[in-house]
Amino acid sequence: MKSTYEVIENFSISNNKEVLFDINRKGINIAIWKRSPSKNIINYLDILSKIKNFSLQVNSKEIESIDKYLPIHYNHTELDFAKEMIQLSNLFAMITGSKEHNLHIATIENTQCPLFHVDFLSYRMICTYIGPGTQWIPNFNADRNHLGCGRNNHLVKDFRLVRETENFDVILMKGDTHPNDPNNGCIHKSPEIFNGSRIFIRIDGSLT
């Protein structure tokens with residue numbers, strides 16, 4: 001795959017995982033690593049999609065043995081998904097310096113967090129595998145004076161410029177309490193879910 005790289009204003013996007021390190025640059029509040037889907041992981045997640053409201057949360061000390069907590073697949077594709085979780089956990093720790101963090105896997109059928117908002121933590125990583133991805137807006141398209149007002153139409157200047165991640169994209173965002181770049185959290189929200197389910201992982205942590 002030919003390497004591409006995009007750095008515009010407050011975000012960096014690339015098909016090279018090194019792009020995630022850009023999150024530590026002043027002013028950057030979201031970095032996106034674009035990836036091709038894995039057939040084995042998709043096959044495995046077909047199982048999770050049939051488990052209503054499946055949810056699993058582990059801390060960084062448990063992630064190395066996360067396969068013990070996952071439903072077993074007859075082709076053992078849960079091991080591929082476990083390797084995926086370990087890889088993302090290790091990346092998160094390496095980039096953010098947050099060795100202690102929590103990883104949450106969830107299958108949801110209803111819209112969560114319908115309002116654009118910022119997180120009150122240092123870093124958050126999200127990857128959506130099935131269903132619509134996280135929606136976010138560049139800084140130039142937001143009026144931060146309306147954060148928390150409860151109305152998206154007051155916060156978002158132009159809804160045509162709202163962006164949405166694709167399946168298997170790994171996004172790493174700053175929250176508003178990042179010590180080296182405060183009050184510059186990425187403005188984002190969960191997508192609307194009309195039919196089917198959404199399967200995603202989320203990793204949260206703070207600087208140590």
Side-chain angles (χ1 to χ4, degrees), residues 6 8 10-11 13 15 29-58 69-71 73 77-78 80-81 84-85 88 102-121 123-144 146-176 185-204:
E6 179 182 9
I8 302 176
N10 64 293
F11 56 92
I13 302 172
N15 55 13
N29 62 20
I30 180 170
I32 302 176
W33 173 27
K34 301 192 70 64
R35 305 186 297 168
S36 299
S38 160
K39 291 183 179 179
N40 281 351
I41 290 177
I42 290 174
N43 288 339
Y44 177 68
L45 293 180
D46 184 55
I47 291 178
L48 293 192
S49 67
K50 293 178 173 59
I51 303 175
K52 190 174 181 63
N53 298 321
F54 176 83
S55 180
L56 172 64
Q57 183 166 313
V58 297
Y69 304 101
L70 294 171
H73 187 268
T77 50
E78 76 276 3
D80 293 281
F81 191 50
E84 164 86 349
M85 300 300 98
L88 295 184
N102 294 315
L103 183 148
H104 183 210
I105 307 167
T107 299
I108 59 174
E109 297 178 352
N110 300 307
T111 303
Q112 297 181 331
C113 300
L115 296 176
F116 280 103
H117 64 282
V118 294
D119 297 321
F120 290 96
L121 40 68
Y123 297 98
R124 171 167 284 172
M125 178 182 280
I126 299 176
C127 181
T128 301
Y129 296 93
I130 293 177
T134 300
Q135 296 180 339
W136 61 279
I137 52 178
N139 282 349
F140 68 79
N141 193 35
D143 184 345
R144 285 181 177 265
H146 290 288
L147 274 170
C149 72
R151 296 181 182 179
N152 286 334
N153 60 332
H154 285 192
L155 174 63
V156 182
K157 295 179 181 179
D158 188 342
F159 281 90
R160 293 173 299 180
L161 300 179
V162 172
R163 304 186 69 159
E164 183 174 306
T165 60
E166 298 179 310
N167 290 165
F168 282 81
D169 286 355
V170 177
I171 67 173
L172 184 55
M173 301 182 290
K174 279 178 183 160
D176 247 21
C186 178
I187 300 173
H188 66 285
K189 77 176 186 69
S190 299
E192 295 183 7
I193 301 175
F194 298 105
N195 294 296
S197 60
R198 178 181 181 226
I199 300 179
F200 67 95
I201 67 105
R202 183 183 72 234
I203 303 178
D204 293 337

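Note that the structure is a prediction, hence the values are computed from the model and not measured. Note that these values count all heavy atoms, side chains included, but never hydrogens, waters or copies made by symmetry.
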Chemist: Closest heavy-atom contact between I42 and P37?
Modeler: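 Looks like CD1-CB, 3.7 Å.
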Chemist: Assess whether side chain to side chain contact (heavy atoms under 4.5 Å, CB included) is satisfied between L155 and L147, documenting all intermediate values.
Modeler: CA-CA 6 Å; L155 174 63; L147 274 170; 3.9 Å; yes
Chemist: My understanding is that only residues two or more places apart in sequence, or in another chain, count here; which of them pass ring pair (Phe, Tyr, Trp, His ring centres under 6.0 Å) with F168?
Modeler: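 Checked F168 against ring pair (Phe, Tyr, Trp, His ring centres under 6.0 Å); matches are Y129.
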Chemist: Would you mind reporting whether D80 and Y44 have side-chain heavy atoms less than 4.5 Å apart?
Modeler: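 The answer is no, as the side chains (C-beta and beyond) never meet within the 4.5 Å cut-off.
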Chemist: Check whether any side-chain heavy atom of I30 sits under 4.5 Å from a side-chain heavy atom of H188, and report yes or no.
Modeler: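 Contact flag for I30/H188 side chains = no.
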Chemist: Given side chain to side chain contact (heavy atoms under 4.5 Å, CB included), test L45 with F81 step by step and report yes or no.
Modeler: CA-CA 8 Å; L45 293 180; F81 191 50; 3.9 Å; yes
Chemist: Mind listing the closest non-hydrogen atom pair of G133 and T128 along with its distance?
Modeler: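 Nearest pair, atom of G133 first, then T128: CA-OG1, 3.8 Å.
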Chemist: Which value, rounded to the nearest 0.5 Å, describes the distance between I41 atom CD1 and E84 atom CD?
Modeler: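 The CD1 atom of I41 sits 4.0 Å away from the CD atom of E84.
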Chemist: Decide yes or no for L172 and W33: does some side-chain heavy atom of the first lie under 4.5 Å from some side-chain heavy atom of the second?
Modeler: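 A side-chain contact is absent here, since even the closest heavy-atom pair is not under 4.5 Å.
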Chemist: So which atom in K157 and which in A142 form the shortest heavy-atom distance, rounded to 0.1 Å?
Modeler: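 So the two residues come closest at CE-O, 3.5 Å.
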Chemist: Of all heavy-atom pairs between L161 and F140, which one has the smallest distance, and what is that distance?
Modeler: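 In this case the closest contact between L161 and F140 is CD1-CE1, 3.7 Å.
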Chemist: Tell me if a side-chain donor or acceptor on D176 pairs with a main-chain N or O of G185 at a distance below 3.5 Å.
Modeler: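 Indeed, once roles are kept as given, a pair shorter than 3.5 Å links the two residues.
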Chemist: Tell me whether the guanidinium CZ or amine NZ of R198 lies under 6.0 angstrom from the six-membered ring centre of F200 and within 45° of its axis.
Modeler: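 Yes; both conditions hold, so R198 lies above the ring face of F200.
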Chemist: Quick one: are E192 and P132 in side-chain contact, heavy atoms under 4.5 Å?
Modeler: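 Result no, sub-4.5 Å side-chain heavy-atom pair not found.
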Chemist: How long is the gap from CD1 on I171 to OG1 on T134, to the nearest 0.5 Å?
Modeler: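 Interatomic distance, I171 CD1 to T134 OG1, rounded to 0.5 Å: 4.0 Å.
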Chemist: Any salt bridge (charged side-chain N to carboxylate O under 4.0 Å, His left out) involving residues 111-120? Give me the pairs, sequence neighbours left out, ordered by first then second residue.
Modeler: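 For residues 111-120, and leaving out neighbouring residues, the salt bridge (charged side-chain N to carboxylate O under 4.0 Å, His left out) pairs sorted by first residue read D119-R124.
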Chemist: Check C127 against R35 and note the closest heavy-atom contact, atom names and distance.
Modeler: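 Where C127 meets R35 most closely, the heavy atoms are SG-NH2, 3.5 Å.
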Chemist: With rounding to the nearest 0.5 Å, note down the distance linking CD1 in I105 to CD1 in I201.
Modeler: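 Answer rounded to 0.5 Å: 7.5 Å.
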Chemist: Are the side chains of V156 and K189 in touch, meaning some heavy atoms are under 4.5 Å apart?
Modeler: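 Not touching, per the 4.5 Å side-chain cut-off.
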Chemist: Contact between E109 and I193 at the side-chain level, heavy atoms closer than 4.5 Å - yes or no?
Modeler: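 No, every pair of side-chain atoms sits at 4.5 Å or beyond.
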Chemist: Roughly how far, to the nearest 0.5 Å, is NZ of K174 from CG of L121?
Modeler: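 The NZ atom of K174 is 13.5 Å from CG of L121, to the nearest 0.5 Å.
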Chemist: Give, for atom NZ of K34 and atom CG of N167, the distance between the pair rounded to the nearest 0.5 Å.
Modeler: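 Between atom NZ of K34 and atom CG of N167 there are 10.0 Å.
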Chemist: Does any non-hydrogen side-chain atom of R151 lie less than 4.5 Å from one of H146?
Modeler: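 No - every pair of side-chain heavy atoms lies 4.5 Å or more apart.
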Chemist: Going through the distances and angles, do H104 and D204 end up as a side chain to side chain contact (heavy atoms under 4.5 Å, CB included)?
Modeler: CA-CA 9 Å; H104 183 210; D204 293 337; over 6 Å; no
Chemist: Do N141 and R163 have side chains that approach each other closer than 4.5 Å (heavy atoms only, starting at C-beta)?
Modeler: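 They are not in side-chain contact.
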Chemist: Once rounded to the nearest 0.5 Å, what's the spacing between atom OG of S55 and atom CG of L48?
Modeler: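 With rounding to 0.5 Å, OG (S55) is 11.0 Å from CG (L48).
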Chemist: Starting from the C-alpha separation in whole Å, work towards a yes-or-no answer on side chain to side chain contact (heavy atoms under 4.5 Å, CB included) for M85 and L70.
Modeler: CA-CA 11 Å; M85 300 300 98; L70 294 171; 5.7 Å; no
